[in-house]
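Down below is the structure, laid out as structure tokens.
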Amino acid sequence: AEEGVMSENYRKYAKCLERSVKHIFTNFLGDASVKTVSDACKKADYKVWLEIEGSFCGEIFLKFPDGTMKKITEQLYSDVKGKALKQASMDIMGELANMITGTFANQLQFLNHDLILNAPEFENDPIPMKALYENISLTFESVFGLFEAEVFFRNEEG
């Protein structure tokens with residue numbers, strides 16, 4: 001029976017993640033064309049993790065190639081150049097992580113999860129022991145380029 005539970009949660013959470021990314025890209029970045037694709041990102045120059053605690057225990061992990069992040073940053077801050085561009089990209093990436101994870105968390109609350117969201121982490125992955133977690137990895141194609149969104153999760157029953 002354990003296998004059925006896993007795949008059911010996997011499908012549920014994958015759908016939540018996909019909806020969350022699409023919602024933020026459509027409403028915040030004006031890209032209604034964003035969709036999941038079977039390709040994988042070649043590079044992940046920008047990485048951000050956001051840990052979720054509570055009855056759903058895990059994290060959202062976003063990976064953006066430099067080109068994708070640069071286009072997103074230029075759309076939001078058209079006047080930012082040079083060194084300031086990197087800092088602006090980090091700010092935007094943190095904001096995207098907050099919004100996508102917040103949207104994801106809202107959907108989980110409909111599944112009766114009680115959650116605490118932490119601040120985005122840029123240097124170190126807050127969950128080192130990945131072997132204990134299930135993983136969903138989706139690649140998205142947007143007008144800005146490819147990027148990846150992953151969710152690592154463990155259900156805390158009881």
Side-chain angles (χ1 to χ4, degrees), residues 9-10 12-37 39-77 80 83-111 113-130 132-156:
N9 280 336
Y10 184 95
K12 235 180 344 196
Y13 298 150
K15 198 135 210 59
C16 286
L17 180 62
E18 186 177 355
R19 267 199 306 253
S20 302
V21 169
K22 286 181 173 180
H23 177 77
I24 296 309
F25 267 71
T26 301
N27 295 296
F28 180 66
L29 294 171
D31 178 11
S33 76
V34 68
K35 65 179 189 283
T36 54
V37 292
D39 310 1
C41 282
K42 300 287 178 269
K43 286 180 28 219
D45 303 298
Y46 287 88
K47 297 185 189 77
V48 61
W49 293 269
L50 208 148
E51 192 177 4
I52 304 169
E53 296 174 292
S55 57
F56 175 99
C57 180
E59 70 183 11
I60 300 271
F61 176 32
L62 302 176
K63 297 185 274 195
F64 297 93
D66 189 51
T68 302
M69 200 64 233
K70 199 171 172 207
K71 286 183 184 141
I72 291 171
T73 304
E74 285 167 350
Q75 162 133 343
L76 296 171
Y77 297 117
V80 175
K83 279 196 175 86
L85 192 68
K86 177 106 176 143
Q87 185 53 53
S89 291
M90 297 294 283
D91 293 345
I92 289 166
M93 199 172 64
E95 202 45 52
L96 285 172
N98 278 331
M99 291 190 291
I100 289 168
T101 307
T103 306
F104 184 77
N106 277 345
Q107 294 183 55
L108 291 185
Q109 285 168 331
F110 287 112
L111 303 172
H113 281 288
D114 190 14
L115 307 169
I116 301 155
L117 303 182
N118 292 318
E121 300 265 350
F122 299 99
E123 299 302 321
N124 297 310
D125 183 343
I127 299 178
M129 289 293 296
K130 289 292 191 260
L132 304 173
Y133 291 78
E134 281 192 74
N135 165 247
I136 296 162
S137 182
L138 301 174
T139 302
F140 290 87
E141 185 178 54
S142 72
V143 295
F144 309 102
L146 290 176
F147 65 96
E148 283 180 30
E150 292 189 71
V151 64
F152 290 90
F153 66 92
R154 218 171 56 197
N155 282 319
E156 300 294 326

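These values consider heavy atoms only, across backbone and side chains, with no hydrogens, waters or symmetry-generated copies.
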Quiz item: Can F28 and L76 be said to form a side-chain contact (heavy atoms from CB on, under 4.5 Å), step by step?
Solution: CA-CA 10 Å; F28 180 66; L76 296 171; 3.8 Å; yes
Exercise. Report the C-alpha separation of L50 and E59 in whole Å, then their side-chain angles, then the decisive distance to 0.1 Å, and conclude whether the side-chain contact (heavy atoms from CB on, under 4.5 Å) test is met.
Key: CA-CA 5 Å; L50 208 148; E59 70 183 11; over 6 Å; no
Exercise. Under the side-chain contact (heavy atoms from CB on, under 4.5 Å) rule, what do L146 and D39 come out as? Steps first, then yes or no, please.
Key: CA-CA 9 Å; L146 290 176; D39 310 1; 4.3 Å; yes
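Judged as a side-chain contact (heavy atoms from CB on, under 4.5 Å), and not counting sequence neighbours, the contacts of Q75 are F144. Remark: V143 pairs with D31, S33 by the side-chain contact (heavy atoms from CB on, under 4.5 Å) rule, at least two apart or across chains. Annotation: side-chain hydrogen bond (donor to acceptor under 3.5 Å, both in side chains) contacts of Q107 (sequence neighbours excluded): R19, S20. With sequence neighbours left out, the side-chain contact (heavy atoms from CB on, under 4.5 Å) criterion links E18 to K22, T36, L138, F140. A search for side-chain hydrogen bond (donor to acceptor under 3.5 Å, both in side chains) contacts involving N27 returns H23, not counting sequence neighbours. Legend: residues meeting side-chain contact (heavy atoms from CB on, under 4.5 Å) with A44, ordered by chain and number and at least two apart, are K47, K63. E53 is linked by a side-chain hydrogen bond (donor to acceptor under 3.5 Å, both in side chains) to N118, counting only residues two or more places apart in sequence or in another chain. With sequence neighbours excluded, the residues that form a side-chain hydrogen bond (donor to acceptor under 3.5 Å, both in side chains) with N135 are E150.
Taking the ring centroids of F25 and F147, they lie under the 6.0 Å cut-off.
Within the structure, salt bridge (charged side-chain N to carboxylate O under 4.0 Å, His left out) contacts touching residues 83-111 (residues at least two apart or in different chains) do not occur. Contacts classified as salt bridge (charged side-chain N to carboxylate O under 4.0 Å, His left out) and involving residues 118-127 (residues at least two apart or in different chains) are given here: D125-K130. Note on residues 64-73: no pairs pass salt bridge (charged side-chain N to carboxylate O under 4.0 Å, His left out), not counting sequence neighbours.
Test L111, N9, V151, D114 against F56 for side-chain contact (heavy atoms from CB on, under 4.5 Å) and you get one pass: V151.
For the atom pair CD1 of I92 and CE of M69, the computed distance is 5.0 Å after rounding to the nearest 0.5 Å. In this structure, OH on Y77 lies 12.5 Å from CD1 on I72, to the nearest 0.5 angstrom.
L108 and C16 get closest at one heavy-atom pair: CD2-SG, 4.4 Å. Across W49 and F122, no two heavy atoms sit closer than the pair CZ3-O, 3.7 Å. Shortest non-hydrogen contact noted between Y133 and C57 is CE2-O, 3.7 Å. Of all heavy-atom pairs between L17 and A149, the closest is CD2-O, 3.7 Å.
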Return a table of donor-acceptor pairs under 3.5 angstrom between the side chains of residues 97-104 and protein atoms on other chains or two or more places apart.
| unit_1 | atom_1 | unit_2 | atom_2 | d |
| --- | --- | --- | --- | --- |
| N98 | ND2 | G94 | O | 3.4 |
| T101 | OG1 | A97 | O | 2.7 |
| T103 | OG1 | M99 | O | 2.7 |

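T139 places no side-chain N or O within 3.5 Å of a backbone atom of E148 that could act as its donor or acceptor partner. No side-chain donor-acceptor contact under 3.5 Å links T68 to the backbone of F64. No side-chain donor-acceptor contact under 3.5 Å links T73 to the backbone of A88.
For NZ of K12, the number of neighbouring non-hydrogen atoms (other residues, nucleotides, ligands) closer than 6.0 Å is greater than 12.
Residues E134 and R154 fail the side-chain proximity criterion, which asks for heavy atoms closer than 4.5 Å.
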